[in-house]
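Chain letters run A, B, ... following the sequence lines, proteins first, then strands; residues in each count from 1.
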Number of protein chains: 2
Amino acid sequence: MKKVSEPTIGRLSVYLRLLMELAEADVDTVSSEELASRSGTTAAQVRKDLSLFGTFGKRGLGYSVPELVTRLRAILGLEKAWRVALVGAGRIGAALFGYENFRRQGFNIEAVFDTDPTKVGQRWNGLVVEADAGMERVLEERGIEIAVVAVPARAAQGVVDRLVAAGIRGILNFAPTQLDVPAGVVVKTVDMALEMEGLSYALSREEREPGAA
Amino acid sequence: MKKVSEPTIGRLSVYLRLLMELAEADVDTVSSEELASRSGTTAAQVRKDLSLFGTFGKRGLGYSVPELVTRLRAILGLEKAWRVALVGAGRIGAALFGYENFRRQGFNIEAVFDTDPTKVGQRWNGLVVEADAGMERVLEERGIEIAVVAVPARAAQGVVDRLVAAGIRGILNFAPTQLDVPAGVVVKTVDMALEMEGLSYALSREEREPGAA
DNA sequence: AACTGTGAAAACTTTCACAGCC
DNA sequence: GGCTGTGAAAGTTTTCACAGTT
């Protein structure tokens, strides 16, 4: 298989979301042009992205919505349910825990950890917040595959080292810090402050040089 | 000025964060190599990124930490305090409201809106959650410049249209949906489900073809 | 006629490599 | 000697444009 870029994978996720909406509305065929306009890209880009994984469309017709949903779910590894642990039961952790879009795509949070003794023992919608100290054992017992790290920046690398040692190979990181992990472990960082600074840059540039995008 | 790419701006934010840590630790000089290794990029990339905005370093020596902090803050538009409104007082809104890194970089949340009558009137750390209906007036009265949209996907476009009509030109969007805005309005979307699907893709690919990055 | 799949071209981003300065 | 600033080269991603299929 050819090499597939990060932005391509992001767009595939977007297409999948749109396709699921279309399927919901009983639309059964869609063109690359339609997918493009709904996802803010171009028809050629949609076709190129999909063509990296096979030929799913019918010339003259477009793509079958149900088929493409199935294909994209397979490509993105969303046919199985992933077992997820949440490390850090603060506000960001709570937000994620309640985030419906996670569950819907098959990401099941099956353990929550925190160091704070006042949080340990709390019931979160049927799950009990567990002490950080027993994390490794619980991860193994429950076959957790993905961890969401929602702890303060200074604690993040330590947590990640323990997760990696416990065999976790996928990490979604909310701590605004660079994380070092060995090859074979995948980290995605969600950095809200960084996006906000991107806005700040764009807005102040518009003030300085009106007309710039 | 030359055109500056999105990834460059993201890296500048990362450099700034590192530089502030270095300044905290009273380090006064740093090389591109050092910045690069701490931010997961290359020395050439650091120098190229900075050189787009001026010549800040000293050959043979490196960069002055305090000077570079000042310069980057100016470049990113972080010298002023931005007035921010939060639309949606759910869990994601609450997480953002308490997020220290926002406040620290000068993003001050000065209004919170929600449609839910049980939320309206709640005190959030000194701020009162206000009814969505009065949003436009409050935005204007308080001179709000940036809005954070943390409402359900189906409500997001409607909210954004109202924000744009009220003169907001910068939006940080947490709703997993494509938003249409006129030219001159900047939207950054934080999409956690999308990042999670990126992890799913990477992990299931490793299972299928071991050894792939 | 409508629309996909895809090589080739264009645009963009990163890396290299070295001259120039401290 | 150490390190920056930067043109030129390499690599990557997007767009174009059209042959091919239904």
Inset, instruction - Mind calculating the distance between CD1 (B/Ile9) and P (C/dT13) to the nearest angstrom? - result: 11 Å
Inset, instruction - Find which nucleotide of DNA chain D each of A/Thr41 and A/Leu61 is nearest to by heavy atoms, and output the residue with the more 5' nucleotide. - result: A/Thr41
Legend entry - From D/dT15, C/dT4, D/dG5, nucleotide with atom closest to B/Arg47 side chain: D/dG5
Legend entry - Interatomic distance where CG belongs to A/Leu52 and P belongs to C/dG5 [whole Å]: 11 Å
Inset, instruction - Answer yes when A/Glu21 and A/Arg17 have at least one side-chain N-carboxylate O distance shorter than 4.0 Å, and no when they do not. - result: no
Legend entry - Proximity to the side chain of A/Tyr63 - top-ranked nucleotide from C/dT15, D/dC16, C/dG5: C/dG5
Inset, instruction - Let me know the distance between NZ of B/Lys58 and P of D/dT4, rounded to the nearest Å. - result: 12 Å
Inset, instruction - State which of D/dG5, D/dT4, C/dT14 makes the closest approach to the side chain of B/Ser51. - result: D/dG5
Inset, instruction - Establish, with yes or no, whether the OP1 or OP2 oxygen of D/dC3 is under 4.0 angstrom from a side-chain nitrogen or oxygen of B/Ser31. - result: no
Inset, instruction - State which of C/dT14, D/dT15, C/dG20 makes the closest approach to the side chain of B/Arg59. - result: C/dG20
Inset, instruction - Tell me which of B/Pro7 and A/Ala44 sits closer to the 5' end of DNA chain C, going by the nucleotide each one is nearest to. - result: A/Ala44
Inset, instruction - Nearest whole angstrom, please: distance from the C1' of C/dC12 to the NZ of B/Lys3. - result: 6 Å
Inset, instruction - Report the distance from atom CD of A/Glu6 to atom C1' of D/dT13, rounded to the nearest whole Å. - result: 13 Å
Legend entry - C/dT15 phosphate, OP1 or OP2, under 4.0 Å from B/Gln45 side-chain N/O: yes
Legend entry - Check ion pair B/Arg162-B/Glu136 (N to O, under 4.0 angstrom): yes
Inset, instruction - Whole angstrom is fine here: how far is it from CG in B/Leu50 over to P in D/dT4? - result: 10 Å
Legend entry - Interatomic distance, A/Arg91 atom CZ to B/Leu96 atom CG [nearest 0.5 angstrom]: 10.0 Å
Inset, instruction - Tell me whether the OP1 or OP2 atom of D/dT4 has a side-chain N or O from B/Ser32 closer than 4.0 Å. - result: yes
Inset, instruction - Tell me which nucleotide among C/dA8, D/dA8, D/dG5 gets nearest to the side chain of B/Lys48. - result: D/dA8
Legend entry - Charged N-O contact under 4.0 Å between A/Glu6 and A/Lys188: yes
Legend entry - Whole angstrom value for the distance that separates C1' of D/dG5 from CG of B/Leu35: 15 Å
Legend entry - 5' precedence on DNA chain C between A/Thr55 and A/Gly60 (nearest-nucleotide basis): A/Gly60
Inset, instruction - Among B/Arg83, B/Lys80, B/Arg169, find the residue that satisfies the salt bridge (Lys or Arg N to Asp or Glu O under 4.0 Å) test when tested with B/Glu145. - result: B/Lys80
Inset, instruction - Measure from CZ on A/Phe56 to C1' on C/dT6 and round the result to the nearest Å. - result: 15 Å
